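Everything numeric in this text was worked out from a predicted model, so none of it was measured. Counting from 1, the numbers follow the sequence of the chain as shown.
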Amino acid sequence: MNTQTKAYCSMRITVVACAVIICVSCNQQHDKQSEPVETATTGEATILCDESIIERLKPACAYFDSSYNEAHVQVLPVSAREAMIQLFAAKARGVIVSRPYLADEDSILRANKLPPHATIIIATDALVFYVQRDFPLDTISLAQLKQIFTDKNATLRSMFAQLKTEPVFVCPDAYSSEYGNLMLLLTKNTAPQARMLLVKNADSARSIVAQNPYAIGIGYLWHHAGDKQFKLLKIGFHDSAGTYISPKPVHQAYVVMGKYPFPIHIRGLLLEDRRNLPWGFMTFLRNDIRTKQYFLKSGIVPEGARFELVPTDDDE
């Protein structure tokens, strides 16, 4: 092969190589351009939601779906405990739960020197104790509840002469946020000592209380506000300043005024602290005026809402 031919072949190989590089570069650039870019209102995401509140939350989620056609958020029901397990394992991008960290979850963060997850408070609910309307009690004190749930020898019959049978507390199972809040609020994260029946979910608890005149259900105000089937026990307590708060009707007004001892935050926890779709979805649930109105009408307190609540003594 002469010198001219060698030069030509060398030039041709170089040109072909350059062409291949250019094509690869163009394809990579095209792939980058074709990949959907997620924003706070576009893209796809799956959010795990506390099964105790998901049915009540669905109308608010629908407002987001109707507002942003380029966003698809799938909300799946799981127990509060399972939601937190998936979040800690980085298998869930975001969760919505009705309780803060339990003791072991908080310990995991501290042991690994991790900061708490980015959190968006969506609304404030309340843990309530509900009974049939002809149940002998209307009120109870926080001190009595704490004694019942921490002292295995304590009984409601010894506290209230009008009770002919020792009541049973009915609560969704140990993975539920109701059970978690019960431990956080009344037993300092130890197993409850009261006579209890743990059931599958909130609907199962309601069904049992409806059939048992001496059952006391443990649930959320969201499920019972305005419901005439049951009555909610009024609870007297001493606030953080030591002032005694007499038993008030269990109403969102008294919850937001600090006159009910068991407020519960519905919160979104994020795997990543950035303005992606999970953040946009949960921020929408907190800020949208329609969701605020829906929460308010449903008997709970929208986060950051500016309104005047006027309690009435006949609210039950």
Is there a donor-acceptor pair closer than 3.5 Å between any side-chain N or O of E178 and the backbone N or O of A202?
no

Tell me whether L76 shares a hydrophobic cluster with I85, the cluster being built from Ile, Leu, Val, Met, Phe, Trp, Tyr side chains joined at under 4.5 Å.
no

Name all pairs fulfilling the side-chain hydrogen bond (donor to acceptor under 3.5 Å, both in side chains) condition that reach into residues 66-85, sequence neighbours left out, sorted by first residue then second.
S67-R290, R81-D104, R81-E105, E82-Q86

With the 4.5 Å side-chain cut-off for hydrophobic clustering, are L269 and L114 part of the same group?
yes

Joint hydrophobic cluster, V97 plus F295, side-chain heavy atoms closer than 4.5 Å
no

Decide side-chain contact (heavy atoms from CB on, under 4.5 Å) for L102 and M84; before the verdict, give the C-alpha distance in whole Å, the side-chain angles of both, and the deciding distance to 0.1 Å.
CA-CA 10 Å; L102 297 181; M84 298 302 284; over 6 Å; no

V256 side chain near Q252 side chain, heavy-atom distance below 4.5 Å
no

Would you tabulate the side-chain donor-acceptor contacts of residues 185-194 under 3.5 Å, counting partners in other chains and residues two or more places apart, or write 'none'?
unit_1: T187; atom_1: OG1; unit_2: M183; atom_2: O; d: 3.2
unit_1: T187; atom_1: OG1; unit_2: T190; atom_2: N; d: 3.4
unit_1: T187; atom_1: OG1; unit_2: T190; atom_2: O; d: 2.6
unit_1: T190; atom_1: OG1; unit_2: T187; atom_2: O; d: 2.7
unit_1: Q193; atom_1: NE2; unit_2: A191; atom_2: O; d: 3.2

Scanning both residues in full, the closest heavy-atom pair of P172 with Y179 reads O-CB, 3.9 Å

Linking I/L/V/M/F/W/Y whenever their side-chain heavy atoms sit closer than 4.5 Å, directly or via other members, would I245 and V128 fall into one cluster?
yes

Where do V250 and H224 land on the side-chain contact (heavy atoms from CB on, under 4.5 Å) test, with the steps shown first?
CA-CA 10 Å; V250 187; H224 300 284; over 6 Å; no

Is there side-chain contact between I300 and R56, with heavy atoms separated by less than 4.5 Å?
no

Got L285 and I96 here, is their nearest side-chain heavy-atom distance under 4.5 Å?
yes

Apply the test side-chain contact (heavy atoms from CB on, under 4.5 Å) to residues F135 and I216: give CA-CA distance (whole Å), side-chain angles for both, the deciding distance (0.1 Å), then the verdict.
CA-CA 9 Å; F135 187 76; I216 302 176; 4.0 Å; yes

I want to check something: taking the side chain as every heavy atom from C-beta on, are R267 and P100 in contact at a cut-off of under 4.5 Å?
yes

Please report the closest heavy-atom contact between P261 and L142, naming both atoms and the distance.
CB-CD2, 4.3 Å

Backbone of I108 reached by a side-chain donor or acceptor of N112 within 3.5 Å
yes

Which pair of non-hydrogen atoms, one from P247 and one from K234, has the smallest distance, and what is that distance?
CB-CB, 3.7 Å

Determine yes or no for a side-chain-to-main-chain donor-acceptor pair under 3.5 angstrom, with T41 supplying the side chain and A71 the backbone.
no

Where do V78 and V95 land on the side-chain contact (heavy atoms from CB on, under 4.5 Å) test, with the steps shown first?
CA-CA 10 Å; V78 296; V95 303; over 6 Å; no

Check for a donor-acceptor pair, side chain of H238 on one end and backbone N or O of A143 on the other, with a separation under 3.5 Å.
no

Using atom types as modelled and distance alone, determine if a side-chain donor or acceptor of K231 lies under 3.5 Å from a backbone N or O of Q132.
no

Roughly how far, to the nearest 0.5 Å, is CG of D65 from CZ of F284?
9.0 Å

Could you tell me whether a side-chain N or O of R133 sits under 3.5 Å from a main-chain N or O of F230, the two making a donor and an acceptor?
yes

Heavy-atom closest pair, residues S298 and W222
CB-NE1, 3.1 Å

Evaluate the side-chain proximity of S98 to Y220: yes if any heavy-atom separation is below 4.5 Å, no if none is.
yes

Does the Y260 side chain pair with the main chain of L127, one donor and one acceptor, at a distance under 3.5 Å?
yes

Pairwise distance CD(E38) to CZ(R274) - rounded to 0.5 angstrom
6.5 Å

Any chance you could lay out the salt bridge (charged side-chain N to carboxylate O under 4.0 Å, His left out) test for R206 and D227, step after step, and finish with the verdict?
CA-CA 12 Å; R206 284 172 58 88; D227 183 357; 2.9 Å; yes

Residue pair I235 / F262: nearest heavy atoms and the distance that separates them
CD1-CE1, 3.5 Å

Separation between OG1 (T124) and CD1 (I264), nearest 0.5 Å, reads 9.5 Å

Within a radius of less than 6.0 Å around OH of Y214, do more than 12 heavy atoms belonging to other residues, nucleotides or ligands occur?
yes

Classify the ring geometry of F149 against F129: parallel below 30°, tilted from 30° to 60°, perpendicular beyond 60°.
tilted

Under 3.5 Å donor-acceptor, S207 side chain and D203 backbone
no

Side chains of L156 and E166: does their closest heavy-atom pair fall under 4.5 Å?
yes

Please examine the side chains of F169 and L182, heavy atoms only from C-beta on, and report whether any two atoms are closer than 4.5 Å.
no

If we ignore hydrogens and angles and just use 3.5 Å, is the side chain of K248 paired with the main-chain N or O of S246 as donor and acceptor?
yes

To the nearest 0.5 angstrom, please state how far the CD1 atom of I120 sits from the OG1 atom of T283.
3.5 Å

L87-F281 co-clustered via ILVMFWY side chain contacts under 4.5 Å:
no

Nearest heavy atoms of D173 and L198, plus distance in Å:
CA-CB, 4.1 Å

If you measure from CD on Q293 to OH on Y63, what distance do you get to the nearest 0.5 Å?
7.5 Å

Whether the side chain of K58 engages the backbone of V75 through a donor-acceptor N/O pair (distance < 3.5 Å, no angle test) should be reported.
no

I'd like to know whether the aromatic ring centres of F88 and H117 sit less than 6.0 Å apart in this structure.
yes

Interatomic spacing from CD1 in I266 to CZ in R99 - rounded to 0.5 Å
14.0 Å

Close side-chain approach of H265 and T119, heavy atoms under 4.5 Å
no

